[in-house]
Amino acid sequence: MKEFEKVFKTESEVADFGREIGRNCSPGTVYALIGDLGTGKTTLTKYIAEGLGVEESITSPTFNIVKSYYSGRIPLHHFDVYRLGSSDEFFDIGGEEYLEGNGVCVIEWADLISDVLPDSAKIIEISWPSDAKVDERIYRCSF
């Protein structure tokens, strides 16, 4: 896996990055998103979905844990595991079946279940720069 860092100054730059990821996704790909509340995990997921051709509106699955979208070229399974108490709960909701399936999984708060992520998971850590510019984000990627 290659590690790289990108600094995005605008949402438009994030949109381009997310759409590129979506266009290049293949079945079975897992994207593990890590970042504090408000850093843009759901926003990135929305643009990945656009790159996949998903037609539905993407919203955070905080209370559902997972939302699946089938209108794109590959199914998208969007997880928000913030409310799970353990990796065991991820298995209890059938998470393993999604990870081993033919869709693309995007998992917000993935650090909370890092012990069950596949070795091939593509990690994206999102943070603000130390000088805290409002729209700027740092993406540290391993894939």
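Because the structure is predicted, anything quoted here is derived from the model rather than measured.
Residue pairs meeting the salt bridge (Lys or Arg N to Asp or Glu O under 4.0 Å) criterion with at least one member in residues 18-45, sequence neighbours excluded: Asp16-Arg19, Arg19-Glu50. Judged as a side chain to side chain donor-acceptor pair (under 3.5 Å), the pairs with a partner in residues 112-125 (not counting sequence neighbours) are, in order, Ser87-Asp115.
Inter-residue side-chain proximity for Tyr139 and Phe4 is flagged as unmet; no heavy-atom pair is nearer than 4.5 Å.
Residues passing the side chain to side chain donor-acceptor pair (under 3.5 Å) test with Ser26 are Thr29, sequence neighbours excluded. For Phe63, there are no ring pair (Phe, Tyr, Trp, His ring centres under 6.0 Å) partners, not counting sequence neighbours. By the salt bridge (Lys or Arg N to Asp or Glu O under 4.0 Å) test, Arg140 pairs with Glu5, sequence neighbours left out. For Ser68, the side chain to side chain donor-acceptor pair (under 3.5 Å) partners are His77, not counting sequence neighbours. Not counting sequence neighbours, Tyr69 has no partner by the ring pair (Phe, Tyr, Trp, His ring centres under 6.0 Å) test. Not counting sequence neighbours, the partners of Phe90 by the ring pair (Phe, Tyr, Trp, His ring centres under 6.0 Å) test are Phe79. Looking at residues two or more places apart in sequence or on another chain, you find a side chain to side chain donor-acceptor pair (under 3.5 Å) between Ser60 and Thr62, Asp80. Residues satisfying the side chain to side chain donor-acceptor pair (under 3.5 Å) test with Glu56, not counting sequence neighbours, are Ser71.
Hydrophobic cluster membership differs between Val30 and Ile123, with clusters built from Ile, Leu, Val, Met, Phe, Trp and Tyr side chains linked at under 4.5 angstrom.
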Indicate every side-chain donor-acceptor pair of residues 101-112 with a distance under 3.5 Å to a residue at least two apart or in another chain.
unit_1, atom_1, unit_2, atom_2, d
Glu108, OE1, Thr42, OG1, 3.1
Glu108, OE2, Thr42, OG1, 2.7
Glu108, OE2, His78, NE2, 2.6

Q. Checking side chain to side chain contact (heavy atoms under 4.5 Å, CB included) for the pair Tyr98/Ile93: CA distance, chi angles, key distance, verdict?
A. CA-CA 10 Å; Tyr98 290 99; Ile93 65 163; 6.0 Å; no
Q: List the steps and the verdict of side chain to side chain contact (heavy atoms under 4.5 Å, CB included) for Cys25 and Tyr31.
A: CA-CA 10 Å; Cys25 280; Tyr31 284 92; 3.6 Å; yes
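Considering Val54, Thr59, Leu33 as possible partners of Thr45, the one that fulfils the side chain to side chain contact (heavy atoms under 4.5 Å, CB included) test is Leu33.
More than 12 heavy atoms of other shown residues, nucleotides or ligands fall within 6.0 angstrom of atom CZ in Phe91.
The two residues Glu11 and Thr43 have their closest heavy-atom pair at OE2-CG2, 3.8 Å. Nearest heavy atoms, Met1 versus Ala121: CE-O, 3.1 Å. Here the closest non-hydrogen pair linking Arg137 and Thr39 is NE-O, 2.7 Å. What you find for Ile113 and Ser86 is that their closest heavy atoms are CG2-O, 4.5 Å. For Leu44 against Gly18, the heavy-atom pair with the smallest separation is CD1-CA, 3.7 Å.
Within the model, atoms CG of Leu99 and CG of Leu117 stand 7.0 Å from one another, a figure rounded to the nearest 0.5 Å. In this structure, the separation between OG on Ser142 and CD1 on Ile34 is 9.0 Å, given to the nearest 0.5 Å. Here the CG-CG distance, from Leu76 to Leu52, works out to 6.0 Å after rounding to the nearest 0.5 Å.
In this structure a side-chain-to-backbone donor-acceptor pair under 3.5 Å is missing from Glu97 to Gly94.
In the hydrophobic clustering (ILVMFWY side chains linked at under 4.5 Å, chained through shared members), Ile138 is joined by Val7.
Aromatic ring centres of Tyr47 and Phe17: separated by at least 6.0 Å.
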